[in-house]
**Q** 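Have a look at this one before I ask anything.
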Amino acid sequence: MNDLMKECALLAEGEVDPARRKFLLQALAAAGTAGLAPYVFSLNAAFAAQDDGSIPADKSNANYTLTAAYAASPPAVDEIAFTMEVENMLALTYGGDLMQYKSIPSGTPGIYVAAMNAPGNEGVTGRWVDKWEGSDDYKTWTFHIKPGIKSWAGNEMTADDIVWTWQRGFEMKAVRAFFGSAMFLASPNDIEVLDKYTLRFHLSKPSPVILKLMAMSYFGGPFDSKLAKQHATASDPWAKDWLKNNDAGFGPYHIVKNVPGQEMELVRNENYLPKPPIARILIRIVPDPATRTALLERGSVDYAMRLPERSLQALAKNPNVTIVRSKANFIPYIGPVETNEIMAKTKVRQAMAWATPFEEIHQKVYFGQGSLIKSITPAIFPNYTDKFWPYTYDPAKAKALLAEAGYPDGFDLKLSFDNSIAEMAETAVLVKAAYDGVGIRTTLDPLPAAVYSERKLRRQLMCQVDNFQWPWIADTGYTGWVYLGPPETTVNNSVKFDNPEFNELVTKMMEMPLGEERTKMDLRVQEIAATEVPWIFLVEPGWREAFKKGWTNFHWYPDNNVHFEWLYKV
Amino acid sequence: MSHRFLVFAAKRLLFTIPQLFAVSIIVFFLIRLLPGDPSYMLAGPYASPDRIEEVRSQLGLDQPLITQYVQYIGRIFQGDFGTSWRTSQPVLADIQQRLPATLELVVLAVVLSILIGIPLGVAVAMSKGGVLKRFMFVYGMLAGSLPDFWIGLILILIFFYFLGWAPPPVGQLDFAVPTPDRITGAYALDALLTGNWEVFRSAVAQLVLPVATLVLVYMPLVLQTARSTMEEMLESHFVLQARASGLSRPMQIGYALRNALPPVITVIGIEFWFLLGGAVLVETIFAWGGLGQYAVESVINSDYAPLQAVVLVTAFFTTLVFLAVDLLYHLLDPRISV
C-alpha cells in the first residue's frame, strides 16, 4: 500500500505517464479506501488540471469547415440587443472577458464543463491575463495581460483596450455597465493603467465574485480599440454603427459575411491561440426546427442549433448523429407576479407549487432528460442543497393551502408565456390541467416574444412560465440578487418578489468575503426561496446540442453556447 | 396603342397615389395599436429604466403618434424606411435583399401555374367526363384543403430526406456556393446573366422544391377558373354560332379562350398578390429568407419599421399587379374603364 501511496503522490505531481495514470485512477476509484482519500482528491485535481480538453497538437492545423443551421440571425454583434444568437456571436468573436472558468472533464468522454462548483473566486483562471492579484479587502484587483494577444486585424491587446472597452460599456448603459455595477466598479475612471499590460480596478466595495463576473462572455470581451476607433466618427465616437454588424475582437473567429435572415460566414482569427481546428464556419438561417432536424438527420449540416427535446429524442436514434448533453444552469420556472394581490400571498404560491405536476412536465416535455430543480441555486453551484424544497405534486395539500389562504373555491389565473418557445407552451398546457384540478381556473395566455418581454419586465403579467434564466456566476448570493433582489433596483425581478430578509442577505453577499458566515447566509437564501416560493422551479433540462457524428471535444460554458474553437474530428 | 388605352392607363396610374397614401396611414396607425413595445426586448434583460427610455427615444416612440407619422412620411420621401432592430440594417437594404428572393419564387410559381393551369383547364373543359376530369376534381379538392407548408414538408421528406435527389433546404444557394454578382438580386437570374453556371445550377436546384410546393397548391385555382369559364364559353351562343358557321375547332377554341381569359387573369392577379406575402410558411421551411418571412418575424418581435415598409412595398406591388390586370382587361375588352 505504501508503494501505491508513493506512486499516487508522484501521480498527483504529474510525474507518471498518462496510461499508467489512467490505470491507477481507475484502480483507486475502485478501491475507495478511506486512507487514500487525500491522494485521490489531489489526483483528481491533478488529472483535471491536465485533462482540460486542450486541442491536440496535430488537430490545430486541421482547417476544418463546419456547416451549421441556426434558428435566427443575431440582431447585432454588439450589446445593443439580446438574444441567444447575439451571445453566441459575441462569444465566438470576442471570446469573453479577462477571466474564464476552468474546464474539467464532465464524466462523458469528449465533453468538458466549466468548473462551476468552486466557491467564490475559485474555479476560474485567466483568459487574456496570466496573473492577477486581489487585495486583502477584495477592493483592489490587478490584472496582467499576456503579451502577444492579437485581434484578427493584427493589433496587440493592451491595457488601453480594456479601459476603452469599459468606457464604451458605461456609455452603452447596457449589459457591461450592469455587471460593472455588480462588481462595484463605479466608473471607468476607477480603472488605473499601470503599464502597457497591467491595470488595476479600484472597487467601491469588496467583490467576492469579481473574477467570476469577469469570466463572462455575455457582453463580449475586450475590443480592439485601435480597429474600433478607425470606424468611429464625431457623431458616433464609440463606433456603435459599425460595431452593430462588424466585430473588433480578440476572440477565435471573425465575421466575414452576414446576410441577416439568410447566412453568415466566420473565419478563424489566425492570431488566436490555441489555434482552433475549425478554420471556417458556414451558417445558414433555417427558422423551422423540423427542417433543421431533417438537415442534420440527412447529414447536410454538422450542427443544428436549438432543437426541441422532441427532435433530439428522434435524432438520438440516428447512428450518424451525436447528442451532446451536460448538466447546466437553466432555471425554468412558474412565476406568480406579486403585483397581483392573489399572487402576493405566500400560501397561494405554496398551493400552486403543490399543484404543479413536476414529474409529468419532466417526462412529457423533457422526456425525462435533465433533473427537477429544487433550489434557487443550480445543482452545479457550490452550497447547493435540495433539503428546503418540499414540493411534489399533491393536489390535496394544494387545496388545503388555498382554503387557508382564503380561496376555498380557487381563483382565476392567467398564465402567460412566450409562444415562440415550444417547451414553455407545452409546460403551460400541463400546468393548466393540474391547476384546474385544484380549483385554480387557468387561462393560457400565449404572447409574441416582444409583447411577453415587455409585459414581463413591466411586471404586468399575473403569472408567467419562463425559461430565460441561466446565471453565469456560480454563487447563490449573485443568483438571488440578480433575479429576485430588491425589486426597486433589480430589473430582472419580474415577479416583484420583495422579502426584506432575502433582500438584505443577497445584497450583503455581493460584497461579503467567503467564509462560514457567508455559507450560512447562502443556505438561508435557498431556504427563503423555497418557503416563500417566488418562483416555482421546474426542470433543468441541461445543455443539449445535436451534431453530426465525428465531432468531439465539446466545452460547456455557462453561456450554454457551442464554443466551436475547441471542436475537432475524431 | 390607342389614345383611349393611354388615357385609361394614366387615370389608373394616378389612382394608385391616393391608394398608397391611404395604405400608409392605415398601416402606420394599425401597427401602433399592436401590443408590444420593442424597447424592452431591444434594451435586453439587464437594461435600466433609463436605458429603456433612451431606446424608446432612439426609436422615436416617445413622440406623439401624429409627429411620428409626419416624420415617418418625411423620411420615406428621402428613401429612409428606418432601421430594423433585428438586423441592425436600414430597412430598405433588408428589402432590397429579400424582395428579389420572394419575387423569384413567386413569379416562377405564377408563371408555371399559368403555363400548366390554363392548358390543363382548357383540356379538362373540352374533355367529356373521363379520368382527367375526375382526377383534376380530386386534385383540386386536395390542393384546396392541404396547407402549403405541409406539402412542402412532405416534398422535403421524399425528395431530400428519403431519395436524396433535392439539395438541402438551406435557402437560395447550397452551402459554400458563392453568391453571384448582384444585378437583380435574384440569384438564379443573376447567375444566368453573368454566365456563372455553377451558381445557376445550385440556384435552380434550390428553387425546385419551393416552386413545386407553390405550384402544386396554388395552380389548381388557375386551372379550375380556366376550366369553368372555358366550359361556359364553349356552351355560349357565339361559339355555337362559330360552330354552325363551319369555323375550325382550333378557331372555336381560340374565340372561347379569349373570352374566358378575363376571370383567369383576375385569379392570377389575386394569386400573385396573395403569394407576395402569403408564401411565408413555404419561405420558412425552405429557409428562403424572403419578404414574407421578414414580415412575420417583424410582427413577432414588434419591429415596426420593417413591418410598415413591407406592407407598403406589398401594397405597391399589389397595386402594380392590379393595374396590370386592369390594363390587360382593357386590352381584352375595351368597354371596361376606371
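In what follows, every chain begins at residue 1, and chains take the letters A, B, ... in the order their sequences are listed. This structure is a prediction, so every number in the text was calculated from the model and none was measured.
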**Q** Might you point out which heavy atoms bring Thr291(A) and Pro169(B) nearest each other, and give the distance in Å?
**A**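 In terms of heavy atoms, the two residues are closest at CG2-CG, 3.5 Å.
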
**Q** How would you list, in number order, the residues of residues 480-487 of chain A that have a heavy atom less than 4.5 Å from chain B?
**A**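 The stretch touches chain B at Val482(A), Tyr483(A).
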
**Q** Among Val286(A), Asp241(A), Thr489(A), which residue forms the greatest number of heavy-atom pairs with chain B at distances under 4.5 Å?
**A**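 If we count pairs closer than 4.5 Å to chain B, Val286(A) comes out on top.
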
**Q** Within the side chain of Ser88(B), is there an N or O that forms a donor-acceptor pair under 3.5 Å with the backbone of Asn245(A)?
**A**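 Not confirmed, Ser88(B) side chain does not pair with Asn245(A) backbone.
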
**Q** List in chain and number order the residues that pass side-chain hydrogen bond (donor to acceptor under 3.5 Å, both in side chains) with Asn196(B), two or more places apart in sequence or in another chain; answer none if no residue qualifies.
**A**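 For Asn196(B), no residue satisfies side-chain hydrogen bond (donor to acceptor under 3.5 Å, both in side chains) once neighbours in sequence are set aside.
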
**Q** Please examine the side chains of Pro448(A) and Val299(B), heavy atoms only from C-beta on, and report whether any two atoms are closer than 4.5 Å.
**A** no

**Q** Please state whether the side chain, the backbone, both or neither of Glu265(A) comes within less than 4.5 Å of a heavy atom of chain B.
**A** neither

**Q** Specify which of Asp50(B), Asp174(B), Thr83(B) makes the most heavy-atom pairs with chain A at under 4.5 Å.
**A**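 That would be Asp174(B).
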
**Q** State, yes or no, whether a side-chain contact exists between Leu153(B) and Asp288(A) at a heavy-atom distance under 4.5 Å.
**A**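 Yes. Closest side-chain heavy atoms under 4.5 Å.
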
**Q** Are the side chains of Thr179(B) and Glu263(A) in contact, using a 4.5 Å heavy-atom criterion?
**A**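 Yes, at least one pair of side-chain atoms sits under 4.5 Å.
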
**Q** Using non-hydrogen atoms only, which part of Ala69(A) is less than 4.5 Å away from chain B: side chain, backbone, both, or neither?
**A** neither

**Q** Is Arg292(A) in contact with chain B via its backbone, its side chain, both, or neither, using a 4.5 Å heavy-atom distance?
**A**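 The answer is neither part of Arg292(A).
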
**Q** Return the CZ to CG distance between Phe175(B) and Leu282(A), rounded to the nearest 0.5 Å.
**A** 7.0 Å

**Q** Between Pro287(A), Ala72(A), Ser420(A), Ala174(A), who has the most heavy-atom pairs with chain B when the cutoff is under 4.5 Å?
**A**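 Looking at each of Pro287(A), Ala72(A), Ser420(A), Ala174(A) in turn, Pro287(A) comes out on top.
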
**Q** Can you check whether Pro168(B) reaches Arg298(A) side chain to side chain, under 4.5 Å on heavy atoms?
**A** no

**Q** With a sphere of 6.0 Å drawn around CZ of Phe316(B), does it hold more than 12 non-hydrogen atoms of other residues, nucleotides or ligands?
**A** no

**Q** Pick one of side chain, backbone, both or neither for Ala176(B), based on which atoms fall under 4.5 Å of a heavy atom in chain A.
**A** both

**Q** Given that the side chain runs from C-beta out, which part of Ala68(A) has a heavy atom under 4.5 Å from chain B: side chain, backbone, both or neither?
**A** backbone

**Q** If you compare all heavy atoms of Tyr187(B) against all heavy atoms of Gln262(A), which two are closest, and at what distance to 0.1 Å?
**A**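 Here Tyr187(B) and Gln262(A) meet closest at OH-OE1, 3.7 Å.
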
**Q** Within a reach of under 6.0 Å around NZ of Lys173(A), are more than 12 heavy atoms found that belong to other residues, nucleotides or ligands?
**A**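 Atom NZ in Lys173(A) is not packed in, count stays at 12 or less.
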
**Q** Would you check if Gln89(B) and Pro260(A) make a side-chain contact, meaning some heavy-atom pair closer than 4.5 Å?
**A**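 SC-SC contact between Gln89(B) and Pro260(A) confirmed.
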
**Q** State, yes or no, whether a side-chain contact exists between Phe160(B) and Ser300(A) at a heavy-atom distance under 4.5 Å.
**A** yes

**Q** Please set out all donor-acceptor pairs under 3.5 angstrom arising from side-chain atoms of residues 176-183 of chain A, sequence neighbours excluded.
**A**
{"residue": "Arg176(A)", "atom": "NH2", "partner": "Asp97(A)", "partner atom": "OD1", "Å": "3.2"}
{"residue": "Ser181(A)", "atom": "OG", "partner": "Phe178(A)", "partner atom": "O", "Å": "2.5"}

**Q** Which answer fits Ile285(A), side chain, backbone, both or neither, if we ask what part of it has an atom under 4.5 Å from a heavy atom of chain B?
**A**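 Backbone of Ile285(A) only, per the 4.5 Å heavy-atom cut-off to chain B.
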
**Q** Would a distance-only check, ignoring hydrogens and angles, find a side-chain to backbone donor-acceptor pair under 3.5 Å from Arg284(A) to Val170(B)?
**A** yes

**Q** Measure distances from Glu54(B) to the heavy atoms of chain A and classify the residue's part below 4.5 Å as side chain, backbone, both or neither.
**A**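 For Glu54(B), side-chain heavy atoms alone lie under 4.5 Å from chain A.
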
**Q** Counting only heavy atoms closer than 4.5 Å, note whether Lys456(A) contacts chain B via side chain, backbone, both or neither.
**A** neither

**Q** Where does Pro74(A) contact chain B at under 4.5 Å (heavy atoms): side chain, backbone, both or neither?
**A**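 Looking at Pro74(A), just its backbone touches chain B.
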
**Q** Under the ring pair (Phe, Tyr, Trp, His ring centres under 6.0 Å) test, which residues partner Tyr64(A), sequence neighbours left out?
**A** Trp551(A)

